[in-house]
Amino acid sequence: MVPQRSRALRVLFVGTFDRDHSRNRTIRGLLERSGHDVRDCRVELWGPVRYSKLGGDRLATAWRAAVAYGRLVVRSAVARRPDVVMMMYPGHLDVLLLAPIWRLRRVPVVFDPLISLRDTIVVDRQMHGADSMIGRLSLLVDRWSFRLANLVLADTPQVAEHYCELTGISPRRVAVLWPGANEAVFTPPVDDAGDACRILFYGSFIALHGVETIVRAARLLEDRGVIVRVVGSGQERDAVEAIVDREGITNVELVGTVPLEQLPREIRAAGICLGIFGTSAKADRVIPFKVFEYLAMGRPVVTGDTAAVRAALDGAVVTTPPGDPVALADALRDLIDDPQRRAALARAGHERYAAAFDERALAALLDAELARVIGH
């Protein structure tokens with residue numbers, strides 16, 4: 001039986017986490033929505049280019065980390081005892097170095113890793129090989145950081161299963177908290193159909209996203225007057241720009257990163273919004289934040305046909321085989337030609353979001369998990 005919360009909790013966010021990351025902001029918002037007292041014990045360390053530091057001046061990075069974690073160790077030892085500690089993305093080292101202190105103080109530690117460090121460094125970004133020193137070290141960090149937490153949060157059931165296989169932790173110590181959307185930004189739903197020939201994608205240009213598939217699909221729609229607007233920047237942007245230039249693709253607008261508050265304007269202007277089309281095992285496990293943000297605003301969505309999407313959003317989005325630009329172009333063409341289907345898809349997507357993935361539903365889910373871990 002899950003213990004029932006009879007009072008607001010004192011929740012302390014501890015570590016070097018990114019305050020502005022969508023996942024971290026969303027979870028803080030869910031806790032505040034439930035009336036919990038949420039406070040920070042944080043030191044800035046990584047900045048917005050955290051992964052590049054692994055291949056940069058390691059001595060300087062090590063010195064900054066030593067200073068930051070020294071301060072956090074002291075604060076963790078003397079801070080007023082909360083009901084629960086949350087360690088957020090990027091938090092693997094935070095858990096390794098700080099979770100033992102909180103567990104000695106008999107405070108449960110909840111870890112929301114967002115990613116596997118090994119998957120990100122070795123598979124997604126391909127910064128180091130699996131057998132390299134950093135590749136092996138990233139796997140060890142994954143395993144021990146997950147094992148030190150009392151509860152690990154995953155964003156889909158498929159990710160939860162992967163965490164258990166990768167790190168050897170019990171499924172009882174992993175809970176699913178869907179990505180959701182920041183409803184202070186991504187609501188209310190739009191009240192018009194937008195421009196059917198204006199198609200939107202935004203993201204960070206990693207292999208997971210399959211942006212190459214998107215721009216090649218765009219080329220197949222040039223004769224329809226379709227404009228595909230690609231917002232963001234990242235690791236693969238130069239390669240995508242090279243494809244657009246080399247193949248003379250004229251209907252792709254490559255836009256740089258825009259502020260979070262501007263994204264709803266981009267969504268409102270589009271008639272169709274795109275998820276991800278990568279072909280990796282990780283792409284099959286995840287549903288990106290952007291998909292939930294589109295659904296929160298009532299836009300029709302086309303995304304890759306993955307295990308995670310089939311389990312959570314079957315019938316609420318259109319799916320195509322990952323990495324297949326022809327299939328993506330065909331699906332977009334069909335939606336452009338059928339305004340009634342676009343409207344029905346937008347309605348179904350928003351209804352699914354409101355029923356299972358909005359802030360009310362996720363706040364209740366998170367409350368139940370915190371009650372369970374505190375009760376244990």
Side-chain angles (χ1 to χ4, degrees), residues 13 17-18 20-31 33 86-92 95 110-120 123-124 142 145-146 149 151-167 169 171-183 185-186 202-204 206-210 275-276 278 280-296 301 303-314 316-317 319 322 349 352-353 355-370 372-373:
F13 278 48
F17 57 90
D18 180 354
D20 295 325
H21 192 278
S22 297
R23 178 71 164 178
N24 297 346
R25 286 164 54 137
T26 295
I27 290 179
R28 176 182 287 273
L30 296 177
L31 292 166
R33 179 188 178 96
M86 304 283 295
M87 295 193 178
M88 311 299 294
Y89 172 80
H92 291 72
V95 179
V110 177
F111 180 29
D112 186 83
L114 183 65
I115 58 167
S116 150
L117 200 61
R118 179 188 179 278
D119 283 353
T120 300
V123 180
D124 289 347
D142 273 339
S145 60
F146 282 52
L151 178 68
V152 175
L153 299 180
D155 51 359
T156 71
Q158 291 74 23
V159 170
E161 182 178 351
H162 176 66
Y163 285 167
C164 294
E165 293 174 353
L166 183 71
T167 67
I169 62 173
R172 294 189 300 274
R173 292 175 58 193
V174 184
V176 174
L177 184 69
W178 300 94
N182 182 345
E183 293 175 11
V185 177
F186 295 101
Y202 58 82
S204 54
I206 57 177
L208 176 78
H209 291 163
I276 61 172
S280 68
K282 181 177 178 180
D284 195 54
R285 294 190 294 264
V286 303
I287 305 174
F289 294 97
K290 63 178 67 65
V291 169
F292 291 98
E293 291 160 359
Y294 301 149
L295 297 179
V301 176
T303 191
D305 183 11
T306 66
V309 167
R310 286 193 298 273
L313 299 174
D314 185 37
V317 298
T319 60
R352 181 71 59 84
Y353 172 82
F357 307 115
D358 68 2
E359 288 184 350
R360 171 194 52 80
L362 297 186
L365 192 157
L366 181 56
D367 263 9
E369 292 299 334
L370 292 184
R372 180 170 69 90
V373 76

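Scope of the values below: all heavy atoms of this structure, side chains included, with no hydrogens, waters or symmetry mates.
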Are the side chain of [X] and the backbone of [Y] linked by a donor-acceptor contact shorter than 3.5 Å?
| X | Y | answer |
| --- | --- | --- |
| E359 | R33 | no |
| R173 | C164 | no |
| N24 | Y89 | yes |
| D305 | T319 | no |
| R352 | D314 | yes |
| S280 | L208 | no |
| D155 | P179 | no |
| T26 | A181 | no |

Using ring centroids (six-membered ring only for Trp), state whether Y294 and Y202 fall under 6.0 Å. yes
When the ring planes of F357 and W178 are compared, do they come out parallel, tilted or perpendicular, using 30° and 60° as the limits? perpendicular
Pair R372 + E369: basic N to acidic O under 4.0 Å: yes
Distance from D112 atom CG to M88 atom CE, nearest 0.5 Å? 4.5 Å
